[in-house]
A.B. asks: 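There's a structure below that I have some questions on.
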Amino acid sequence: MGAARFMTGMLLLFMALSSGVRSCPPSDRAALLAFRAALHEPYLGIFNSWTGADCCHNWYGVSCDQETHRVADITLRGESEEPIFERAHRTGYMTGYISPAICKLPRLSSIIIADWKGISGEIPRCITTLPFLRIVDFIGNRISGSIPADIGRLQRLTVLNFADNQISGTIPASLANLTSLMHLDLRNNLLSGPIPRNFGSLRMLSRALLSGNRLSGPIPGSVSLIYRLADLDLSRNQLSGLIPQSLGKMAVLSTLNLDFNKLSGPIPVSLFSSGISDLNLSRNALQGNIPNAFGPRSYFTALDLSYNNLKGAIPKSISSASYIGHLDLSHNHLCGKIPLGSPFDHLEASSFVYNDCLCGKPLKPC
């Protein structure tokens, strides 16, 4: 009987010790609780599960590395289809700030604090000391201040998303050191100054979304060196100068949005025989003729050249394009007869109005 009790005691002791090894270290738990203390979430109770000694199990939005049992991921999304949101019949709302305590999680690989609408304060400067970070996503909050100047230290970073905040200052030159970066989204902030000249060093980048800021200066020619880039959105800024001819020679670029800027000069011929299918150059100060460079390779789901200073006739080669879904040439200085046939047979007058002397269907007869 005594031996049985001894064996049972040893078994319980072993289980306690092994569960302690499997649980997160007290330093990680303390860092998470300090992070939570800086935030206020009044409606969903997402932090109600953050109790007990083991933050690796059943703490909402927290996951740990299976080998080291250190906190690896924090994923808190304010818009989700998870049951906690379904039961509340609402999206999330959270106030407070992102505490520098997260920098005391040395194995952190991803931090997603997205779409909470009310989180303010600045991006913790110390975030650049976390060597294993792959994903930083703070979209949809009210974060202000600047992007940390040494953001380029995060050599493993693949996703950087600060969109829909109130971040100001310039894009740090060190950002171009993020050679593993695949997705960059800085849309709808208060960023100013130039796009870094060495932006083309981001060779792994597939999406660069910088629209809705106050960026100025030229489009760096080095952008065309990013051979994986499929989506480039620089719209709604104050960019000036010429559109680089080399953009039309990029292998996989399919979406190019440069609308609402101060770009001038001619439209590069290369853009019409490229792989770009969604091209928006509207609301700039582009001059000259529309290049007579359309051909079988020209396939546009949308082509918008409206609100510029384009002159001359609509090029005849546009009829040889394999497809043009939406076309807008309005608010220019175009003249002459609108060509017959595709794509013009399905377009409305709004695509051609406010030019100098265009005529023919769907406008008045010539």
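As the structure is a prediction and not an experimental result, all values here were calculated from the model. The chain is numbered in sequence order, starting from 1.
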A.B. asks: Please collect all ring-ring contact (aromatic ring centres under 6.0 Å, His included) contacts where either partner lies in residues 268-292, sequence neighbours excluded, each pair once.
C.D. replies: Phe272-Phe294

A.B. asks: Please name the pair of heavy atoms, one in Pro172 and one in Pro148, separated by the smallest distance, quoted to 0.1 Å.
C.D. replies: CG-O, 3.6 Å

A.B. asks: Are more than 12 heavy atoms, taken from residues, nucleotides or ligands other than Glu348, located less than 6.0 Å from that residue's CD atom?
C.D. replies: no

A.B. asks: Between the side chain of Ser222 and the main-chain N/O of Gly200, is any donor-acceptor distance below 3.5 Å?
C.D. replies: yes

A.B. asks: Go through Ile195 and Leu239 one step at a time and tell me if the side-chain contact (heavy atoms from CB on, under 4.5 Å) criterion holds.
C.D. replies: CA-CA 9 Å; Ile195 299 171; Leu239 300 171; 4.2 Å; yes

A.B. asks: How close do Leu184 and Leu175 get, heavy atom to heavy atom, and via which atoms?
C.D. replies: CD2-CD2, 3.9 Å

A.B. asks: Is a side-chain N or O of Asn355 found less than 3.5 angstrom from the main chain of Leu329, in a donor-acceptor match?
C.D. replies: yes

A.B. asks: Any chain of hydrophobic side-chain contacts (each under 4.5 Å) joining Leu281 to Leu234?
C.D. replies: yes

A.B. asks: Can you check whether Thr51's main-chain N or O pairs, donor with acceptor, with Trp59's side chain at less than 3.5 Å?
C.D. replies: yes

A.B. asks: Are Ile314 and Leu358 packed together at the side-chain level, in the sense that at least one heavy-atom pair is separated by less than 4.5 angstrom?
C.D. replies: yes

A.B. asks: Give the minimum heavy-atom separation between Leu347 and Pro362, together with the two atoms involved.
C.D. replies: O-CG, 3.6 Å

A.B. asks: Do Thr158 and Arg134 get their side chains close enough for a donor-acceptor pair, meaning under 3.5 Å?
C.D. replies: no

A.B. asks: Looking at residues at least two apart in the chain, or sitting in another chain, which of them share a ring pair (Phe, Tyr, Trp, His ring centres under 6.0 Å) with Phe260?
C.D. replies: none

A.B. asks: Side chains of Ser49 and Asn58: do they bring a donor and an acceptor to under 3.5 Å?
C.D. replies: no

A.B. asks: May I ask you to decide if Ser306's main-chain N or O and Asn308's side chain share a donor-acceptor pair within less than 3.5 Å?
C.D. replies: yes

A.B. asks: Can you tell me if Asn284 and Asn261 form a side-chain donor-acceptor pair at under 3.5 Å?
C.D. replies: no

A.B. asks: Would you say Lys311 has more than 12 foreign heavy atoms packed within less than 6.0 Å of its NZ?
C.D. replies: no

A.B. asks: Tell me the closest heavy-atom pair linking Leu247 and Ile276, and the distance in Å.
C.D. replies: O-CD1, 4.3 Å

A.B. asks: For His40, which residues count as a side-chain hydrogen bond (donor to acceptor under 3.5 Å, both in side chains) partner, sequence neighbours excluded?
C.D. replies: none

A.B. asks: Give me the atom names and distance for the closest heavy-atom approach of Ile147 to Ile123.
C.D. replies: CA-CD1, 4.4 Å

A.B. asks: Cys24 and disulfide bond (SG atoms under 2.5 Å apart): which single residue from Cys64, Cys55, Cys56 fits?
C.D. replies: Cys55

A.B. asks: Okay, side chain of Ser206, backbone of Met182: is any donor-acceptor separation there less than 3.5 Å?
C.D. replies: yes

A.B. asks: Quick one: do the Arg236 and Asn257 side chains pair a donor with an acceptor below 3.5 Å?
C.D. replies: no

A.B. asks: Verify, without hydrogens or angle tests, whether Asn141 (side chain) and Asn165 (backbone) share a donor-acceptor contact under 3.5 angstrom.
C.D. replies: no

A.B. asks: Can you list every disulfide bond (SG atoms under 2.5 Å apart) pair that touches residues 264-337, not counting sequence neighbours?
C.D. replies: Cys335-Cys357

A.B. asks: Taking the side chain from Asn213 and the backbone from Ser211, do they hold a donor-acceptor pair closer than 3.5 Å?
C.D. replies: yes

A.B. asks: Arg142 and Thr95: side-chain contact (heavy atoms from CB on, under 4.5 Å), yes or no, with the steps?
C.D. replies: CA-CA 9 Å; Arg142 294 176 55 207; Thr95 56; over 6 Å; no

A.B. asks: When you measure from the side chain of Ser270 to the backbone N and O of Gln245, does any donor-acceptor pair fall under 3.5 Å?
C.D. replies: yes

A.B. asks: State, to 0.1 Å, how close Leu327 and Ser351 come at their nearest heavy-atom pair, and which atoms those are.
C.D. replies: O-OG, 2.8 Å

A.B. asks: Counting only N and O atoms by type, is there a donor-acceptor contact under 3.5 Å from the side chain of Asn198 to the main-chain atoms of Ala176?
C.D. replies: no

A.B. asks: Counting only heavy atoms not in Arg77, do more than 12 sit closer than 6.0 Å to its CZ atom?
C.D. replies: no

A.B. asks: Show the numbers, then the answer: is there a side chain to side chain donor-acceptor pair (under 3.5 Å) between Asp278 and Thr301?
C.D. replies: CA-CA 6 Å; Asp278 188 345; Thr301 54; 4.8 Å; no

A.B. asks: Is it true that a side-chain atom of Asp356 and a backbone atom of Leu334 form a donor plus acceptor pair closer than 3.5 Å?
C.D. replies: no

A.B. asks: Tell me, please, which residues at least two apart from His331 pass ring pair (Phe, Tyr, Trp, His ring centres under 6.0 Å).
C.D. replies: Tyr307, Tyr354

A.B. asks: For residues 150-182, which residue pairs pass the ring-ring contact (aromatic ring centres under 6.0 Å, His included) check, not counting sequence neighbours?
C.D. replies: Phe138-Phe162

A.B. asks: Go through the side-chain N and O atoms of Asp73 and Ser110 and say whether any donor and acceptor fall under 3.5 Å apart.
C.D. replies: yes

